[in-house]
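Predicted, not measured: the structure shown is a model, and the values here were computed from it. Ligands are counted one by one from 1 in listed order, and the atoms in each one are counted from 1 as well.
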Amino acid sequence: RATPPEASAPAGQQAAPAVNGSVASANGAAAGLPAAAAPPPLVVIVVERHQHLRRELIAAIVVSSVAGVMIVLAALYSFFLWRRSRRALVDSKDTQSIDTARIAFVPMLNSFNSYKTSKKSAAVMMDYTSLEAATGKFSESSVLGVGGFGCVYKANFDGGFAAAVKRLGNETQSCQKEFENELDLLGRIRHPNIVSLVGFCIHEENRFIIYELMENGSLDSQLHGPSHGSALTWHVRMKIALDTARDLKSSNILLDSDFNAKISDFGLAVTIGNHSKGNIKLSGTMGYVAPEYLLDGKLTEKSDVYAFGVVLLELLLGRKPVEKTAQSQCQSIVTWAMPQLTDRSKLPNIIDPMIKNTMDLKHLYQVAAVAVLCVQPEPSYRPLITDVLHSLVPLVPMELGGTLRISPESPYATQKHSPC
Ligand SMILES: Nc1ncnc2c1ncn2[C@@H]1O[C@H](COP(=O)(O)OP(=O)(O)OP(=O)(O)O)[C@@H](O)[C@H]1O
């Protein structure tokens with residue numbers, strides 16, 4: 001008979017933890033088997049069983065972790081797809097709204113606060129009724145000014161927000177073009193010296209462009225209006241010149257409550273090349289247009305420098321770019337001033353009486369020299385606008401954005417108005 005295995009577990013150990021009756025079956029098998037075929041000891045079986053279970057457990061953990069990670073990834077991917085499709089939808093809606101605005105009418109949103117912005121343009125679509133209410137039904141008393149494209153009204157919205165609303169008639173192609181250009185270009189531009197676009201509105205034949213309000217109106221109305229430039233000191237004038245060294249005319253230079261100058265009609269300025277020479281005369285740009293444009297219809301950066309030179313002359317002399325002479329003929333400020341600008345003994349006598357003797361003479365000569373260069377008939381003789389800027393920065397006091405330090409003792413430190 002075969003000897004029972006020496007390593008048999010003692011009786012007490014038979015009650016040792018058995019897994020699924022394996023102990024009993026192992027004992028039963030041991031009873032009728034030869035020594036060579038003896039089953040492994042119970043401890044080994046239990047250990048093996050434990051190892052097997054551990055492997056199963058690890059496998060289960062690994063599988064569930066992988067599944068969890070995959071679920072998270074799938075969720076993230078679906079979220080990404082959803083976001084992308086939603087953005088595409090919003091974009092297509094925005095494009096549609098701007099494009100539709102060009103062809104037909106856009107359904108108006110209900111109030112001033114409900115608006116839509118586009119990635120392409122920050123133009124805000126406004127409700128006609130709120131514009132009507134804010135301008136007192138476009139009353140005479142809310143008119144800020146009249147331009148070549150229509151009236152500009154002051155709008156006071158609920159909540160104390162004020163803006164300027166330009167109403168464009170729809171009867172001409174150029175109005176529609178200006179409307180589109182303003183929305184396209186101004187809507188994408190944020191610059192401290194360019195008047196900001198607040199929004200737009202389309203109502204029947206009318207197009208409305210809503211701009212930030214420039215409390216001090218245009219440079220043109222400040223210089224040539226009832227106050228005759230009395231609010232504009234020499235230093236403020238130099239600051240305005242610095243702020244606006246671009247293609248300009250003084251009615252397009254608007255002044256906020258602190259006399260910071262900003263350019264308006266940006267869209268029009270860009271497309272001015274499409275205007276006929278006749279239109280330029282009509283829209284009041286005459287006097288700012290460089291001679292080469294009148295000769296061959298070309299506008300270049302140097303034409304902008306010319307226009308800037310004319311504005312600089314307006315600021316210095318307080319005269320309009322084109323004035324009627326006694327014989328009811330027109331004379332340009334350039335032709336009139338040129339001989340006197342280059343003569344230091346005559347120059348102080350032609351300065352705007354509002355600022356006469358309020359500036360350092362050296363500065364006056366410098367600015368006059370810049371103006372003379374800017375309005376040279378030959379474009380290549382005119383300086384670059386960056387050079388113009390560099391020459392003006394040292395003439396503007398530090399508190400106005402330039403680099404000029406003024407000591408309190410300086411006779412020009414606290415000047416507000418001309419002593420004349
Ligand atoms: N944002 C604004 N804030 C305050 N006043 C403004 C504003 N925009 C225009 N104005 C006033 O309305 C006037 C007319 O402006 P508009 O831009 O329509 O024409 P313009 O620049 O004078 O001439 P044009 O149409 O020939 O360029 C300006 O001269 C200015 O007095």
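Under the 4.5 Å side-chain criterion, counting only non-hydrogen atoms from C-beta, Leu131 is in contact with Met126. For the pair Leu183/Leu197, a side-chain contact is recorded, criterion being any heavy-atom separation below 4.5 Å from C-beta on.
Not one N or O of Ser221 is nearer than 3.5 Å to an N or O of ligand 1, by distance alone. On a distance-only criterion, Val195 and ligand 1 share no N/O pair closer than 3.5 Å.
In this structure, Arg167 is positioned above the aromatic face of Phe138, its NZ or CZ under 6.0 Å from the six-membered ring centre and within 45° of the axis. Judged by the 6.0 Å and 45° rule, Arg207 forms no cation-pi pair with Phe200.
Side-chain contact, Gln366 with Ser391: no donor N or O sits under 3.5 Å from an acceptor N or O.
For atom 17 (O) of ligand 1, the candidate residues are Met214, Gln222, Lys166; the nearest heavy-atom contact is made by Lys166.
Against a heavy-atom cut-off of under 4.0 Å, Leu144 is close to the following atoms of ligand 1: 4 (C), 5 (N), 31 (O). The Leu254 neighbourhood of ligand 1 comprises atoms 1 (N), 2 (C), 7 (C), 8 (N), 30 (C), with distances under 4.0 Å to a heavy atom of that residue. Atoms of ligand 1 found under 4.0 Å from any heavy atom of Val152 (numbered from 1 in listed order, with element): 8 (N), 9 (C), 10 (N), 12 (O), 14 (C), 15 (O), 18 (O). Below 4.0 Å from some heavy atom of Tyr211 lie the following atoms of ligand 1, by number and element: 1 (N).
Counting heavy atoms closer than 4.0 Å to ligand 1, residue Lys154 contributes nothing at all. Only the backbone of Val146 comes within contact range of ligand 1, with a heavy atom under 4.0 Å; no side-chain atom does.
Not a single heavy atom of Glu215 sits closer than 4.0 Å to an atom of ligand 1.
Aromatic rings from Phe208 and Tyr128 are positioned such that their centres are separated by under 6.0 Å.
With sequence neighbours excluded, the residues forming a side chain to side chain donor-acceptor pair (under 3.5 Å) with His224 are Glu314, listed by chain and number.
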